[in-house]
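A quick note: this is a predicted structure, and the numbers were derived from the prediction, not measured.
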Amino acid sequence: MSTAAGPSAVRGDITLQPSYFTSSLYVEPLREDISNLVNLFAERYVETWPPNQPFTLFKRLWSEQGWCWLHFKVLDARAREAFINVTHRLLVERLADGEPPLARVVVLFALYTFHLSQPATQNPPIYSVGHIAIPIDIYDALLSLPSSLTNPELLPLQPYTTYVLKALEEAFHILPRTELRPYKPSILPRELFVTEEHESAVMAALAGSATMSNAGGGVSKKKGRPSRRDKQKKAKDALAALEKYLEKNTTTLAPEPPPSSQSTAAADRLLTTHRMVAHPPNATREQYRAYKAEALGMLDPHGAGPITEHTRGVNAGQEALQRANDAVLARLKMIDEMAAEQGLEFNLSPDPRSWNSAIAPGIAEDDDYIHNPDPRKRGKDRDWNIFTWRGGLVVISDRPQAYVVASAGYPIISHFTQHKQSNNGGFNVGGINASGQIPTFIGGYGLIDPETPQEVRTKKDYVNGNDWQLVFSDEFNTPGRTFWPGDDPYWEAVDLHYWQTGNLEWLDPTAVTTKDGALEITMSEKPKNGLNYTSSMITTWNKFCFQGGMLEVNVSLPGAPNVVGLWPAIWTMGNLGRAGYGASLEGMWPYSYDTCDVGTVKNQSLGGVPDNPATFSWLPGQKLSRCTCPGASHPGPLHDDGTYVGRSAPEIDVFEGSSGGGIGQVSQSAQWAPFDYNHQYQNGSDYIDIADSSITSLNSYTGGSYQEASSGVSNTVQTAWELGGGGYSIYGYQYEYGFDDAYITWVSSGVVSWSLKQSAVGPSDKVDIGQRLVSVEPMYIIINLGISEGFGGFVDVAHLVFPTTLRVDYVRVYQDPNNIKTSCDPPDAPTATYIKATFDIGQVSVQFSLSPDPTSWGAYLTPDVPESDDYLHNPDPRRDRKNDQGGNIFTYRGTTNLGCLLILAVGTVTLFAGYPLISHFTKKSQSRAGGFNLGGVNASGQIPSLIGNYGMVDKHTPTEARTKTDYVNGKTLELIFSDEFEVEGRTFWPGDDPYWEAVDMHYWSTNNLEWLDPTAITTKNGSLEITMTQKAKNGLNFTSGMMTTWNKFCFTGGLVEASVSLPGTNNIMGFWPAVWMMGNLGRAGYGASLDGMWPYTYDSCDVGTLANQTKNGLPIAATENGDPAYGDVLSYQPGQRLSRCTCAGSSHPGPMHQDGTYVGRAAPEIDIFEATITNGMGAVSQSGQWAPYNHQYLWSNTTDNYSIKNETDTFLNSYLGGVYQQATSAVSYTDQNAYEETGGYAVYGVQYKPGFDDAYISWINNNQVAWTLQAGGVGADSVTEISARPIPQEPMYLITNFGMSENFGTVDFANLPFPSIMRIDWIRVYQDPDNKNYGCDPDDFPTAAYIETYLPAYTNPNLTTWVDDFGQVIPKNSLIDDCSS
């Protein structure tokens, strides 16, 4: 680079002043370097065409040209601020709209790289700038840069440009427009550097002399440090030159008239001044005042006066302010109304009519005869009388059983059978939609979304200008909605291939969700089921339908408006046909016909192939036509003449998006059958109306063998495409169904595009068919994003960008308030019974979805109709007199029966009520000695043989240590576990100890140099001792020990402390003693159990759960600026094995979220301490390990996310992570006497609160808080597209070990003492007495069943990986796998 100062040639270091970076010394060379970088990239870009990875090419050039070292050439804080801001500014100026597109892309890459590569890991930290100042005009031009890269040579740069802009979105700081000169200084360079010769020439010109050299004209003095005399002479010459210049440029001013109180002598004095200020810039000042007055007049309503009919329109600013005030007041009023509405549990009006439920005694219902008995209709119950001996006996004898049922049976039965219904479901009342599914959608609402603004709940219809009422809306404001069957009350996604139109994508429910207030359907290049793409389609089939009215949607179309191939669509279809289900559509689509003639017949011909092949139809005939024979399967209803109403599944398209002639368009059409002659409907001016022929024209395609189409094509708003600006545009249609006055009017870009009258598809004598009608069927809504050569004839695969997303801001349906019809099963066009009859009988939703009318079950339940078994349960005293005469209830047999019933009743009550009470008050409480299992038996079934058995709290723990004040909140905590290690000679082989177990292995994962041997650990002199010796074993030169409480003692949250004497001395590097914690689902040292588990702590379903933290190579931030030892890749993790994305039914320990997804599980790590040597002194690193990772491993280390108690002793660790972990770590100097050499002890610990929000970890060093990390420090990262990581919520077990590895630091083999001993005086765990949570298998984070299932991974240290060694499979991840297979 040519822009930085070189090393000084004189003694001392150069400290650049801020003015250096605004001078020509820095500005001009940097501008030249930027141009060189642009030109070089352009050359290489052309040479490597087609480019594979253009951003990788840029990074290589960035490094080759030395830009990567630019930040390290300026270290002074004041100078760095000027340096970064000027560099930002010089890059931004090259982003202006006038620059070539390729140059703007390269400079954008440079700005991104320069800004995000500011060093942030140094200690002490280097000053950095958090934002990039950019004028708004350049910013606006920059936002449109991706859409301008339409040239085939530049198109590959488009996704990278989009990504970089998104990454810099939060960094931009908007300034006023460029012409207002918003920067300071306003012009660069501000200081011009001139050579000494140039300076002499200038001075000579000012002084009027020819030269500044000596009069004698001799040889100039040799250059060097000037003498004092030279400096004085130079200063005098400069003053003389300045005086001469001022004399030439002065002017005389006329004096101002003096005040009357002053003498006129003062007024007579003449004033002289420089001519530049002799005449103040009055014109400029007056112009400024005029602009200011105009602005104030427009913005200040008080200064402008009140608005009247005479002044309206004059004070535009005042009116604008008043309109803004009115809008704010209206908005506040609407918020109050919404709050009041949401205060009601179900948000229902007290008037049942507003629920669309005609509840009134005068209105009959299908099942009234069951629950409305009529005494006049005696029927088979004649002569009944309840006052009989027999009736009384039944009441008496049955009372005990009734009591049992009421007290014990009823609660059990009701618990398992009750269904809490709401009015928030599909079109059926009670929250159960047409297919019998009970919605689980949280925050459910009725047909109208409560977040629909009040001002749009009525709307003028486009045809007649009448006020129509909102009857259905979905604003999609709740994020993360899913649309699997049963998930949503109105929408349902399909899981199939839409083969009918030759689509190239598999429709997958995982490809649709809600985000940022919009429905998103994403198409990706993800192969599935033999297809190369994955997308989605959702419908309201059989859940919400409407007849007549207006459907409107606000949509951002996918891809670019000038690239063909995508097929986004929103359309409607009659409920008797289900889109994508061919059998339901056969003979149904696209008919809309109610005449009995040849139009209902196969191939639309009674005598074979029609005369004109152009009219040939391959349709099988209308399945449910007016010609259907009486008694045949038909949903009805009937005409007055006894014929069936012709039924079908017609289609009306709101829009189908496409690209025509290089611009974005939508086709808006209706499909018809039977067909006109030559598929040509009537398209004269009497039948159609095009609103603006410059925007809309009739589609030349009018049909084929499977459909006739009346279609208009309209140019769209070109910015309402994903890559055209990301804006939205309104589409819709309004229709009146039936014959005569029926019509369809389409809306595009928020205005009417074209209209079609029903008469356009009237009778056709040429093909002998009657008139087709505008659909009378209940129509449901379909939204999908497809890709098919069957739509546009060509898919421009080379220029389509994936993934691409169709976004729908809202869907709204309006109807005439006098004709609201929003049912999928209306009386005039019923569908439910027919669908049920033809539905897959194996579907549970059909088997248990019963009509309220029992006659539809085949059961005619009415008192008026006798049944063959009535005599059994309908006694007749006169008929049965002979059998019952002379009877007596007080008989031996009767008494025996009653007694038996009484015994059974007492026994039943005792079983269900008495036994639980008896067992509760008689059971003996078991001790918690031992592992997490009760009774002293640990998780692996071992019974402790330890002499002097004790519970989880060691009996040797002093009484005063059994409570402790927590370090954060000052609350008194209670001791729940302790080990004082007072018993001599304890061993820790498996089975020896109830809580601790030593391992016998090599800890290979961190390349440790020692073999871990249980014989190296014992208790002596009141302490645990772990001894490292220079004793060779199993190919390693050293022996030491590690023991853990894995699966024996675990805890979640609280305070853990240990009193430790570190091994060796406080100034010799090499030992790695540590006390730490890990989640119980991973066992330290057992690689297979940790594969895909450590160090994750994550409960979100996104790219953070995937291998290498990428999907299809994105985000780019996960592929760069990572671990330099691994090619700058961010992560080598295999992905979170047990994530929230794990497919339902896969092997996962649970539990489940309310939305049906698994809780993300893992094996996180928190280090109480790892001892090291720093700056020649003993220190400890106290850290947390995390996955997934932030970009560049940069956690959010702002002051509100962490705190250091004493910055003299504690500082943030410069190590932030690598491909296998991210670390939040601080280093603290220890008590220098707490080492083996000096024999002292120091207390280290961790206090933490698990979860999100107010969760934290505080590390303790020397009995005081060293530093604290808040949960916000590991929050979401939009650059790597990951969510927040929780402070570990897993049950954590304790680990203590004494290791040695060059991975951790330099090992000073020559001076380390052997043997060396790490000693632990005690370990204690405290928790809030109101929030105790200990155990390795808690209900909310279970581990036992999973560990038992995969026990070899936890007991065989030679199994190092889950798949290759252990031979298991990774559970499917819904982001990349098909969960249905």
| task | Grab the two heavy atoms, one from A1271 and one from F1252, that are nearest each other, plus how far apart they are. | result | CB-C, 4.3 Å
| Distance-only polar pair, side chains of S524 and N1112, donor-acceptor under 3.5 Å | no
| message | I'd like to know if R812 pairs up with E475 as an ion pair, taking the criterion as any Lys NZ or Arg NE/NH1/NH2 lying under 4.0 Å from an Asp or Glu carboxylate oxygen. | response | yes
| remark: Minimal heavy-atom distance between G574 and A649, with the atoms involved, is O-CB, 3.9 Å
| request: Looking only at non-hydrogen atoms, find the nearest pair between P558 and L785 and report the distance. | output: CG-CD1, 3.6 Å
| Between W571 and Y498, what is the ring plane arrangement, given parallel below 30°, perpendicular above 60°, and tilted in between? | perpendicular
| message | Assess whether a salt bridge exists between R578 and E492, defined as any Lys/Arg side-chain N lying under 4.0 Å from an Asp/Glu carboxylate O. | response | yes
| Do side-chain atoms of T540 reach the backbone of I781 as a donor and acceptor pair under 3.5 angstrom? | yes
| said: Less than 6.0 angstrom separating the ring centers of F655 and Y733, yes or no? | reply: no
| request: List the atom of D1099, the atom of Y1158, and the distance in Å for their closest heavy-atom pair. | output: OD1-O, 4.1 Å
| So, do Y810 and I730 sit near enough that their side-chain heavy atoms are less than 4.5 Å apart? | yes
| request: Could you check if a side-chain atom of L551 sits within less than 4.5 angstrom of a side-chain atom of Y735, using non-hydrogen atoms only? | output: no
| query | Quick one: does L806's side chain get under 4.5 Å of E520's, heavy atoms only? | reply | no
| field | Backbone of Q668 reached by a side-chain donor or acceptor of E656 within 3.5 Å | value | no
| task | Would you check if C545 and M779 make a side-chain contact, meaning some heavy-atom pair closer than 4.5 Å? | result | no
| message | Is the shortest side-chain heavy-atom distance between S473 and V813 below 4.5 Å? | response | no
| Gap separating the CG atom of L557 from the OG atom of S729, nearest 0.5 angstrom | 8.0 Å
| Got N554 and V808 here, is their nearest side-chain heavy-atom distance under 4.5 Å? | no
| message | Counting C-beta onward and ignoring hydrogens, is there a side-chain heavy-atom pair between P509 and F483 closer than 4.5 Å? | response | no
| Do T805 side-chain atoms and T522 backbone N/O form a donor-acceptor pair below 3.5 Å? | no
| field | Electrostatic pair D1378-K1372, nearest N-O below 4.0 angstrom | value | no
| message | Between D1155 and R1140, does any side-chain N to carboxylate O distance fall below 4.0 Å? | response | yes
| Between N1190 and I1282, what is the shortest heavy-atom contact and its length? | N-CD1, 4.3 Å
| request: Kindly say whether D825 contributes a backbone atom to a donor-acceptor pair with the side chain of S823 at under 3.5 angstrom? | output: yes
| query | Would you call K459 and L470 a side-chain contact if the rule is heavy atoms closer than 4.5 Å? | reply | no
| request: Would you mind checking if R481 and D487 are paired as a salt bridge, meaning a charged N to carboxylate O distance below 4.0 Å? | output: no
| request: Please confirm whether Y490 and F472 have ring centers closer than 6.0 angstrom. | output: yes
